[in-house]
Amino acid sequence: MAVLQRTGMGLALLRHKAFHCGQHQSCAAASTLNFQDLEVILTKTPQPKPKDNELLFGHAFTDHMLTIDWSAKRGWDKPCIHPVQELRIHPAAKVLHYATELFEGMKGYRCVDGKIRLFRPMENMKRMRRTAERAALPDFDGGELLRLIKKLITVDSDWVPRSEKCSLYIRPTYIATEPALGVSKSTEAKLFVLLSPVGPYFHTGFKPVTLLADPRFVRAWPGSCGPFKMGANYAPTIQVQDHAMREMGCQQVLWLFGDDHKLTEVGTMNLFMYWINDQGEEELVTPPLHGLILPGVTRKSLLELSHQWNEFKVAERDITMKEVIRGLKENRVMEMFGAGTACVVCPIEKILYQGQILEIPTMTKAKLTNRFFNHLTDIQYGRIPHSWMELVSEDTEVVANVTASRMY
């Protein structure tokens, strides 16, 4: 791994090199992604860092990013960590016309011992590879990409918030860049990673939300890309979300599917309901992974915790609005909440459905909602040691290893 310091270099040349780091190096390209090929260009103009208590979600970005280019001819070019720059792609790039792209959302935490850890990062790498296959983008070694992400975090480690209400959001993104029109598999691609110190996803913090449940709007259907994390799943939801907020007084959308109005997701979160089932048992139920919903890492974690606690029944099955309404009338629904990387756990207090407001008594006790939120955040911030947390290298010192011929 080479570290390139900015000494005696023109800014324009630096920017050009940062844009094209790893490109046009056919002699150095490899068929597989390799951490050992990494090059690092450090900024000489670091940005001022925002205060933790002023952080919004997804508005601030660290000084550096990771980029890796791929082509069918060369394979993977050298990975490069360099100052955050605008992307330079041809206006005919397939991503701009056919939405050939995907992304991931993961988080890093500065734990109570001062060390930086990631929450179950290999789960994100596995999901990203599955989505890449569905998007007809080339496969990659998830372990090597994770090593590169860890190195990027060590370079920008000072950006990781020190508040236990904040975290470092990590956004790997993968786009098709071949400059050619025509709906076909791309022969060129770019994988890049941004880091963003973030506060709570909802500016109101841990407060319950009201949902719009309108069966006219469908997020996904059998055989669609619903279970994959690609932008094409999100763009069509924005207008509905805006309608819910501006015209219906709701904060999120409860996505329904089918003639029986099955519950699928809450906004961009997985859905859970804690209730007394028809057999009189306390039950935590969530929709199954049947091709309509995203297999969330937080969802998986909450299910695993529930099985470990073994205090109530856990079920992955379809839930219909008819079932929810009947459960509410019979005072059997105790809590409903969404779960995801960005918000961790989000309580639900009302559902607007077919002109009727359904009152969800989540916040009456919020027994399980609070327990999940507290336990998971205790793990994430290191208050409870857990194998789910993966340490980022403590070696944040960057040692230059540059020859005169490689200075640029």
**Asked** Looking just at side-chain N and O atoms, do Thr67 and His82 make a donor-acceptor pair shorter than 3.5 Å?
**Response** yes
**Asked** Is there a side-chain contact between Val84 and Met65, using heavy atoms and a 4.5 Å cut-off?
**Response** yes
**Item:** Those residues that, when tested against Val240, pass side-chain contact (heavy atoms from CB on, under 4.5 Å) (two or more places apart)
**Value:** Phe217, Val253, Trp255
**Shortest non-hydrogen contact from Pro197 toward Thr62** = CD-CG2, 4.1 Å
**Complete:** When Val198, Leu55, Thr377 are each screened for side chain to side chain contact (heavy atoms under 4.5 Å, CB included) with Ser167, the one that passes is Val198
**Asked** Excluding sequence neighbours, so at least two apart, what forms side-chain contact (heavy atoms from CB on, under 4.5 Å) with Pro222?
**Response** Phe257, Leu292
**Asked** So which heavy atom on Met389 is nearest to which on Gln380, and how close?
**Response** CE-O, 3.2 Å
**Item:** Contacts of type side-chain contact (heavy atoms from CB on, under 4.5 Å), residue Lys51, not counting sequence neighbours
**Value:** Asn53, Glu54
**Item:** NZ/NE/NH1/NH2 to OD/OE distance under 4.0 Å, Glu104 and Arg129
**Value:** no
**Message:** To check you understand the geometry: which heavy-atom pair defines the closest contact between Asn124 and Gly105, and what is its length?
**Reply:** ND2-O, 3.0 Å
**Message:** Would Arg371 and Trp309 count as a cation-pi pair here, with the cationic atom under 6.0 angstrom from the ring centre and within 45° of the axis?
**Reply:** yes
**Asked** Can you find a heavy atom in the side chain of Phe373 that is under 4.5 Å from one in the side chain of Cys346?
**Response** no
**Asked** Between Lys73 and Thr187, is any side-chain donor less than 3.5 angstrom from a side-chain acceptor?
**Response** no
**Request:** State, yes or no, whether a side-chain contact exists between Asp260 and Lys322 at a heavy-atom distance under 4.5 Å.
**Result:** no
Got a list of side-chain donor-acceptor pairs under 3.5 Å for residues 351-363, not counting sequence neighbours?
unit_1: Tyr353; atom_1: OH; unit_2: His261; atom_2: ND1; d: 2.6
unit_1: Thr362; atom_1: OG1; unit_2: Met336; atom_2: N; d: 3.0
unit_1: Thr362; atom_1: OG1; unit_2: Met336; atom_2: O; d: 3.2
unit_1: Thr362; atom_1: OG1; unit_2: Ile348; atom_2: O; d: 2.6

**Request:** Could you check Arg326 against Glu323 for salt bridge (Lys or Arg N to Asp or Glu O under 4.0 Å), going step by step and ending with a plain yes or no?
**Result:** CA-CA 5 Å; Arg326 182 164 57 88; Glu323 188 177 17; 5.2 Å; no
Donor-acceptor contacts under 3.5 Å from residues 131-138 side chains, at least two apart:
unit_1: Thr131; atom_1: OG1; unit_2: Arg127; atom_2: O; d: 3.0
unit_1: Thr131; atom_1: OG1; unit_2: Lys229; atom_2: N; d: 3.4

**Fill in**
For residues 143-165, the ring-ring contact (aromatic ring centres under 6.0 Å, His included) pairs (sequence neighbours left out) are none
**Request:** Taking atom CG of Asp113 as the centre, report whether more than 12 heavy atoms of other residues, nucleotides or ligands fall under 6.0 Å from it.
**Result:** yes
**Message:** Any heavy-atom pair between the side chains of Lys150 and Leu146 that's under 4.5 Å?
**Reply:** yes
**Heavy-atom closest contact (Ser306 atom, Val314 atom, distance)** = CB-CG2, 3.5 Å
**Asked** Got a sec, which pairs hit side chain to side chain donor-acceptor pair (under 3.5 Å) with one end in residues 329-349, sequence neighbours left out?
**Response** Asp278-Arg332, Glu330-Arg332, Glu335-Thr369
**Item:** Ring centres under 6.0 angstrom apart (Tyr169, Phe57)
**Value:** yes
**Complete:** Applied to residues 280-296, the side chain to side chain donor-acceptor pair (under 3.5 Å) test, sequence neighbours excluded, yields Tyr274-Glu282, Trp275-Glu283, Asn277-Glu281, Glu283-Arg317, His290-Asp318
**Any residue meeting ring-ring contact (aromatic ring centres under 6.0 Å, His included) with Phe228, in chain and number order, not counting sequence neighbours** = none
**side-chain contact (heavy atoms from CB on, under 4.5 Å) partners for Phe61, two or more places apart** = Leu194, Ser196
**Request:** Identify the two heavy atoms, one from Val95 and one from Ile89, that lie closest to each other, and give their separation to 0.1 Å.
**Result:** CG1-CD1, 4.1 Å
**Step-by-step side chain to side chain donor-acceptor pair (under 3.5 Å) determination, Arg219 to Thr237** = CA-CA 7 Å; Arg219 176 191 170 273; Thr237 70; over 6 Å; no
**Request:** Take the angle between the ring planes of Phe337 and Phe272 and call it parallel below 30°, perpendicular above 60°, tilted in between.
**Result:** parallel
**Request:** For Tyr109, enumerate each residue passing the ring-ring contact (aromatic ring centres under 6.0 Å, His included) test, keeping only those at least two apart in sequence or located in another chain.
**Result:** Tyr381
**Prompt:** If you look at every heavy atom in Ala232 and Pro236, which pair is closest and at what distance?
**Reply:** O-CD, 3.2 Å
**Item:** Sub-4.5 Å side-chain heavy-atom contact between Pro295 and Glu123
**Value:** no
**Side chains of Leu305 and Leu376 in contact at under 4.5 Å (non-hydrogen atoms)** = yes
**Request:** Using the salt bridge (charged side-chain N to carboxylate O under 4.0 Å, His left out) rule, collect all pairs that involve residues 155-179, keeping only residues at least two apart or in two chains.
**Result:** Glu164-Arg383
**Item:** Heavy-atom side-chain contact between Leu66 and Leu38 under 4.5 Å
**Value:** yes
**Request:** Report yes if some heavy atom in the side chain of Pro172 is under 4.5 Å from a heavy atom in the side chain of Met106; otherwise report no.
**Result:** yes
